[in-house]
Amino acid sequence: MASLSFSSAVSSSTPFLRPSAFLLRPRSTRLPLVRAKIREIFMPALSSTMTEGKIVSWVKSEGDVLSKGEAVVVVESDKADMDVETFYDGILAAIVVNEGETAPVGAAIGILAETEGEIAEAKAKAAAQSSSAPAAPPPEVEKPAPVAPKAEAPAPVAAASPATPGKVVATPFAKKLAKQHKVDISELVGTGPFGRVTPEDVEKAAGITPAPKANVVVAAAPAALAASPPKAPASYPDIPGSKIVPFTTMQAAVSRNMLESLAVPTFRVGYPIATDALDALYKKVKSKGVTMTALLAKAAAMALVQHPVVNATCKDGKSFTYNSNVNIAVAVAMDDGLITPVLQDADKLDLYLLSKKWKELVEKARAKQLQPQEYNSGTFTLSNLGMFGVDRFDAILPPGQGAIMAVGASKPTVVADKEGFFTVKNQMLVNVTADHRIIYGADLAAFLQTFTKIVQNPESLTM
Amino acid sequence: MHASISPLSTSNPPHSTLQPYSSSRLCGLRREAFGFHSPSQFRNRGIGVVSAKTHSWRRSVFSASNSASDNGTSAPASFDYDLVIIGAGVGGHGAALHAVEKGLKTAIIEGDVMGGTCVNRGCVPSKALLAVSGRMRELQDEHHLKALGLQVAAAGYDRQAVADHANNLASRIRGNLTNSLTALGVDILTGFGTIVGPQKVKYGKIGSSDNVVTAKDIIIATGSIPFVPRGIEVDGKTVITSDHALKLEFVPDWIAIVGSGYIGLEFSDVYTALGSEVTFIEAMDQLMPGFDPEIGKLAQRVLINPRRIDYHTGVFATKITPAKDGKPVIIELIDAKTKEPKDTLEVDAALIATGRAPFTTGLGLENINVETQRGFVPVDERMRVIDADGNLIPHLYCIGDANGKLMLAHTASAQGISVVEQLTGNDHVLNHLSIPAACFTHPEISMVGLTEPQAREKAENEGFEISIAKTSFKANTKALAENEGEGLAKLIYRPDNGEILGVHIFGMHAADLIHEASNAIALGTRVQDIKFAVHAHPTLSEVLDELYKSTKVNSHNTKPVSEPVTV
């Protein structure tokens with residue numbers, strides 16, 4: 001990490017007479033008259049093969065006073081990082097090329113002013129040079145050469161920061177972001193604890209969508225932050241005003257599982273089931289804390305015992321894995337996703353225990369305290385959207401299971417019996433998605449028949 | 001039993017017995033420390049048919065040295081022990097193991113938990129937390145992962161599980177350390193030790209009756225405790241020291257760390273990886289004042305600037321009030337030079353990492369006319385304790401943090417071994433300039449010997465030239481394969497004779513890389529010789545190879561290197 005010195009060109013204070021950025025010698029004619037100077041800081045050539053350099057970091061910030069020989073900026077060449085120092089005393093008026101950006105050798109990367117009075121002018125020059133120029137140009141643009149010192153030039157430094165009562169407290173990262181996005185922290189109202197300005201406050205002020213906190217910890221990668229706004233997937237057009245919210249851990253897991261499910265050849269079988277008897281039973285046992293979910297889970301578990309292939313898993317595409325336990329996973333919608341708590345040994349537990357167990361699981365799920373075996377040990381999944389009035393739907397098979405049952409709403413339906421008599425019965429549509437590598441149409445049909453028998457004669461559920 | 005014999009015969013090959021233990025000793029020591037069996041353990045149990053020959057040989061050595069220590073001095077048989085060590089930290093442990101190796105009857109007095117600061121409240125649990133922070137950083141560095149072609153879902157952590165990992169590691173190492181002592185026959189005496197007179201120590205729990213033991217020699221190894229400057233109120237919850245922080249009872253949103261030395265830096269690495277924002281408060285004008293300035297500068301660019309850290313330098317925290325009554329932690333800062341009030345900070349927690357203070361109160365030093373200096377026990381270069389009149393006290397030594405020479409766990413152990421060498425008839429002076437130091441941030445920092453300014457000063461005073469060789473991790477294939485090109489290694493040496501004065505490394509696995517350099521310094525190896533040593537390719541160790549190879553030693557000058565250690 002050797003130290004190099006950058007060369008700078010000097011222009012007289014005539015505004016907008018842009019000096020040749022590629023001149024490596026001071027350009028000022030040595031007038032006896034002491035004239036203020038604005039110098040450009042160039043990207044130095046740190047090796048014979050270097051054509052462009054990346055700004056690793058600015059050692060100094062805008063407004064800092066520099067003295068000759070001091071390191072100002074760190075530049076990464078093709079070989080190493082080097083500190084670049086200044087040949088001149090002055091004030092770092094403006095940074096043209098920001099940290100992390102690259103510039104060709106010889107391009108201006110910063111502007112050095114000799115006195116405070118010239119800072120504004122230097123900034124104007126910087127704004128003219130900076131290709132991106134996101135902020136509005138400084139107010140002085142239209143004015144002629146600066147003679148009187150500008151009133152508002154280095155404003156933020158002196159800006160109101162009285163003692164404790166009115167003091168603006170900002171967290172370290174908030175300050176960093178403010179500097180990066182040129183947000184004046186003293187004008188922000190902090191929403192953090194004790195009224196402190198948080199990184200989110202700064203991002204809001206800068207018009208950036210704050211990255212939501214991951215479920216336990218904030219993803220701290222600074223590189224990601226710098227890159228987040230323009231980083232939308234290239235294949236989709238950007239719709240103005242859209243905002244990007246990264247997945248939480250849970251959402252990412254769902255996304256991953258859903259993609260994985262595409263590798264499994266599935267098929268679906270639907271079945272209408274009359275539920276009058278089940279509804280009647282439910283009415284009876286509801287007061288004892290039994291839920292419809294528990295009833296359906298118990299019914300499914302009992303049917304699965306008779307059809308073990310539907311409770312099986314195809315792990316490697318070559319064999320059946322018959323599960324010894326019947327563990328019914330039940331999908332539960334969460335505020336920010338979906339989780340499937342598992343009723344283990346649903347065939348063995350009685351309805352009341354099952355209901356109690358279910359209540360506990362749901363509470364734990366909402367508090368995000370489920371242990372892994374409480375949500376990933378399922379051998380069959382039940383998804384019920386009936387309570388929302390959905391009459392039929394189609395579920396995606398979760399990886400690692402053989403089948404999933406989608407249950408629609410039970411509603412009065414006109415049915416004709418064998419003799420041709422019409423009656424109105426409550427009926428629900430269930431739709432099972434299964435892995436056809438191990439479960440065939442006839443298997444599912446048989447399973448559904450059994451399930452239907454149990455639901456339509458639900459007394460066995462209470463035994 | 002038979003199975004346990006086989007490692008014995010391999011670990012103690014016959015030829016090693018022909019040497020005076022110098023080569024096998026250290027290996028044996030390390031094996032003990034990590035809970036493996038060593039030959040001496042079997043000796044004590046009286047087993048081992050296969051190796052009976054080597055054992056009887058060894059036993060004769062021990063009995064010889066025992067008789068020498070029992071009968072050869074003025075007061076034979078009247079001592080309970082050959083050596084009593086006060087304090088069972090890493091220093092006391094290292095000394096005890098070596099003492100047993102050398103045949104001394106040894107006891108160790110510990111009033112607190114076995115293992116001392118390093119094992120329970122320092123190096124060991126902090127490494128567990130840093131292991132977590134390193135992985136969190138890797139998983140959160142999307143840019144880095146992407147460059148490697150990896151995709152990882154958002155990383156999260158369970159605070160209690162992280163804390164448990166640190167705690168479990170500490171208890172495991174503590175168990176290993178205790179077992180290694182008892183297995184070797186070191187008596188562990190429980191209670192706080194106090195010197196009551198020459199060669200006499202009493203120990204016992206506060207409130208219970210005291211026991212007095214006599215020992216031919218005594219080593220003080222009582223270590224240190226976190227230093228808390230005046231005006232700072234430590235409540236153990238929101239204003240904490242490293243003792244509390246290592247328990248990781250909570251992860252504050254914003255924590256101020258007072259002091260930017262090793263401890264402060266390592267904790268900043270942990271806390272920022274776990275999502276906290278950090279404010280450093282440093283009394284010196286520069287962060288990381290103890291490091292080589294060039295390394296410090298680069299480290300700041302990598303470890304501080306891009307992270308959620310800001311800092312105040314050149315300030316003292318004169319008053320720190322814990323969070324209470326709905327108020328945050330309040331820190332009052334004054335200018336370190338003008339003493340004018342400078343700023344007031346409001347944060348969620350403050351970690352006091354302003355160094356460590358010797359733990360020497362209650363040792364009874366007044367009974368033998370020793371005055372501590374700022375709490376440190378004054379010693380000479382052989383760790384012999386010096387009394388208030390400037391005279392050496394016979395049979396009394398002080399090692400480790402309590403003497404303050406170089407407050408590192410491995411220094412204490414090395415000093416302990418050095419003392420035992422002296423006790424058993426080999427004069428030995430430890431070369432502190434050959435002791436490496438490491439800071440386990442991500443990436444790590446390590447160093448041995450002098451910093452560049454120190455070397456320049458020494459060169460000026462003694463009238464020699466120095467040269468500097470440097471290399472970037474960007475030039476190392478393995479580092480680039482890991483996508484960890486950020487790093488620098490520098491070597492400070494004498495171009496006239498090739499003596500290595502200092503080596504500083506900042507980069508991936510720096511703490512493991514430094515030993516090649518520290519061993520070279522300890523053994524007096526010169527750069528012109530070590531540059532011919534071969535390094536496997538591609539490895540990070542080639543960073544050092546690169547350094548050695550880029551040195552230029554004046555070939556006409558063959559002046560030998562100043563003898564580094566042996567006296």
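- A/Val169 is listed as a side-chain neighbour of B/Trp254, based on a closest heavy-atom distance under 4.5 Å.
- Interface residue B/Lys327: only backbone heavy atoms are found under 4.5 Å from chain A.
- When the shell of 6.0 Å around NZ of A/Lys60 is examined, it contains more than 12 heavy atoms from other residues, nucleotides or ligands.
- The neighbour count for A/Gln373 CD, taken as heavy atoms of other residues, nucleotides or ligands under 6.0 Å away, is above 12.
- In this structure, A/Lys176 contributes its side chain and B/Arg307 its backbone to a donor-acceptor pair below 3.5 Å.
- For B/Val251, no part lies under 4.5 angstrom from a heavy atom of chain A.
- Of all the heavy atoms in A/Pro172 and B/Asp310, the pair that sits closest is CG-OD1, 3.3 Å.
- How far CG of A/Leu177 is from CZ of B/Arg308: 7.5 Å, rounded to the nearest 0.5 Å.
- Using a 4.0 Å cut-off between a side-chain N of Lys or Arg and a carboxylate O of Asp or Glu, B/Asp253 and A/Arg196 do not qualify as a salt bridge.
- Counting heavy atoms from C-beta on, the side chains of B/Asp348 and A/Phe194 come closer than 4.5 Å.
- Contact of A/Ser57 with chain B is made through the side chain alone, with heavy-atom distances under 4.5 Å.
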